Structure formats: C-alpha cells, structure tokens
Amino acid sequence: MKCEPDAYTIDDLARDRRASWEGVRNYQARNFMRDDMQKGDGVLFYASNADPSGVTGVAVIERAGYPDHFAWTPRHKYFDPRSAPDAPVWYMVDVAFVERFPETIALATLKATRGLEAMMVTQKGSRLSVQPVTKPEFDTVVRLGRRRSGS
DNA sequence: GCCAACGTTGGC
DNA sequence: GCCAACGTTGGC
C-alpha cells in the first residue's frame, strides 16, 4: 500500500498503532480492498514520492474492506457525491503497525532483487496505490528489510 | 520541476 | 463505443 510521506508514514503508523486507509479513489485499488484483503493479511508499507521511494515497513490488515464513509461526508476532502450509505462506491480497510525497517528498501533495490521481477511495483508505470503482493515477494522484501538492520 | 504512463471524462 | 483532451501519479 502506497502513501506519500507528506500524508502518512510508517512512523506515524508506529505512533498510532492502527489507522484507517481512506481516500483511495481508483476502482482497481478499491476492488483489492473490498474483495481481496482479509484481516491478518500482511501489508508492505510503501512511501511514494519519497527520497528514496520504497518500502519502509510492514503492517497488517486489522479490518477487511468496509465502505469509506468519508466519501459521503460533505465538505470532507474525500467527499464524492456518487457514493451514499445505501450504495457505497468507495471502500477502505484498517491497518495495524507491525514493524519499521531501519532503512527504506528503495524501488531500485526491489527492481534489482531476484524474485521480484514480476512484482507489480517494479513494473514500469505502476501507479496503483493498492497492489497485490505474492507470499514469496512479501517474504523476500521482509528479508531485505531485516537484513539491513544487521539482525 | 519535468514528463511518461495511466485513468477518467465527455463530445460525437 | 471510440478516442482526444485532460487530470493525476510518481519516478527521476
């Protein structure tokens, strides 16, 4: 799951311990949250538009997809008149903090790592803010994150 | 700040 | 339903 550091970081999540992931306004990303993400699923926290951009830590799905009520909150920045309580258009999940990597695993590192060639985020033009990750990919990235800590 | 890639909108 | 115009994302 991607987020720009200006908006939210893994450190923010470490402090808050839990956060709702509202504001996703892309249908494909919504479908992943609404249909596929289950409580207990691992999450790679990705800082986009960062220096460097990359995976900064791990979270876990704390609550599976549910309607993004900010979409029907007038004057909220995520308001969308197409969505309504009886016919929600947008969905969100809740995530909980798991761990923060000592160093960002930069996108360039992900691209250079064997086993991540097919990972969505390493593909050109990969803009989706919520992307599926396979178990082997997840494990490979977590291993990278921990290796850099010397642990 | 540039700009390629991509998604969405809307005229026809 | 096509597709040009436009807006956004996000790496660099």
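Each chain gets a letter, A, B and so on, in the order the sequences are listed, and its residues count up from 1. These numbers were taken from a predicted model, which means no experiment stands behind them. Basis for what follows: all heavy atoms, side chains included, without hydrogens, waters or symmetry-related copies.
A:Tyr27 and A:Trp90 have their aromatic ring centers within a separation under 6.0 angstrom.
With salt bridges taken as basic N to acidic carboxylate O contacts below 4.0 Å, one links A:Asp139 and A:Lys135. Classification of A:Asp68 and A:Arg30 as a salt-bridged pair fails, no side-chain N sitting under 4.0 Å from a carboxylate O.
Among the protein residues, A:Arg82 comes within range of the sugar-phosphate backbone only, with heavy atoms under 4.0 Å from sugar or phosphate atoms but none that close to a base.
Mapping A:Asn49 and A:Tyr27 onto DNA chain B by nearest heavy atom places A:Asn49 closer to the 5' end of the strand.
Looking at A:Tyr91, A:Phe45, A:Phe32 one by one, the single match for ring pair (Phe, Tyr, Trp, His ring centres under 6.0 Å) with A:Trp21 turns out to be A:Phe45.
With a cutoff of under 4.0 Å to any heavy atom of chain A, the contacted region of DNA chain B is bounded 5' to 3' by B:dA5 to B:dT9.
Ring geometry for A:Phe70 versus A:Tyr78: interplanar angle over 60°, hence perpendicular rather than tilted (30 to 60°).
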